[in-house]
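In what follows, chains are A, B, ... by sequence order, proteins preceding strands, each numbered from 1.
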Amino acid sequence: GQQLNQSPQSMFIQEGEDVSMNCTSSSIFNTWLWYKQDPGEGPVLLIALYKAGELTSNGRLTAQFGITRKDSFLNISASIPSDVGIYFCAGPSGGGADGLTFGKGTHLIIQP
Amino acid sequence: DTGVSQDPRHKITKRGQNVTFRCDPISEHNRLYWYRQTLGQGPEFLTYFQNEAQLEKSRLLSDRFSAERPKGSFSTLEIQRTEQGDSAMYLCASSGGRGGTGELFFGEGSRLTVL
């Protein structure tokens, strides 16, 4: 099945710094999605990407759909404490299935 | 609140007992999903409904698991004869309406601990 590899696994940054994380796939995706999960909560959709090369912003978040269609990037500018959490990339499971395959997540920790 | 709601939020049970989780999706969404998430992992797909029809089941969904969506609205996920390996967060999500492919809205999850 589809596999998504996220890096880095975790990030320790200072408040105010910019953050960059990425996700690569073993196969081509037609859709990339980025979710954020806070402790004890369900994932929340941040950004959805539908075209190769597409660059989409949501406030301080910017995500790009890689041209090869096998990768995607998420950037957070000027991080703030509420950005702490786990960021997941996801894409369609493929093979006619309607579910999503998720990566293992990037855990963002902001040091005071 | 018109989001996806799940009940109970937490369940502690002894091995061998049966448990049932309920999910109420966003009202205008016709698609409903169940996922399982263990510590340090992303959500893993279990099963999917379109209206009342269960269209897909993952290999993760053993015979002890059964999901229903009898009227195409709320859904239940039952685990029979629970095992310690069933301990996880069970997430429900829904989609539909004007949302694009894969734009799932998740509930807060039901955390299961099997002793």
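B:Phe49 and B:Phe105 are members of different hydrophobic clusters when ILVMFWY side chains are connected at heavy-atom separations under 4.5 Å.
Considering every non-hydrogen atom in both B:Leu91 and A:Pro43, the closest pair reads CD1-CD, 3.9 Å.
Rounded to the nearest 0.5 angstrom, B:Leu104 CG and A:Phe102 CZ are separated by 6.0 Å. Rounding to the nearest 0.5 angstrom, the gap separating the OH atom in A:Tyr35 from the CD atom in B:Glu103 is 7.5 Å. Taking CG from A:Leu100 and OG from B:Ser95, the interatomic distance works out to 8.5 Å, rounded to the nearest 0.5 Å.
Neither the backbone nor the side chain of A:Gln6 has a heavy atom closer than 4.5 Å to any heavy atom of chain B. If you measure heavy-atom distances from B:Gln37 to chain A, the contacts under 4.5 Å come from the side chain alone.
When the shell of 6.0 Å around CZ of B:Arg15 is examined, it contains 12 or fewer heavy atoms from other residues, nucleotides or ligands. At most 12 heavy atoms of other shown residues, nucleotides or ligands fall within 6.0 angstrom of atom CD1 in B:Ile12. No more than 12 heavy-atom neighbours from other residues, nucleotides or ligands sit within 6.0 angstrom of CD on A:Gln9. The number of heavy atoms from other shown groups lying within 6.0 Å of CG (B:Leu115) is above 12.
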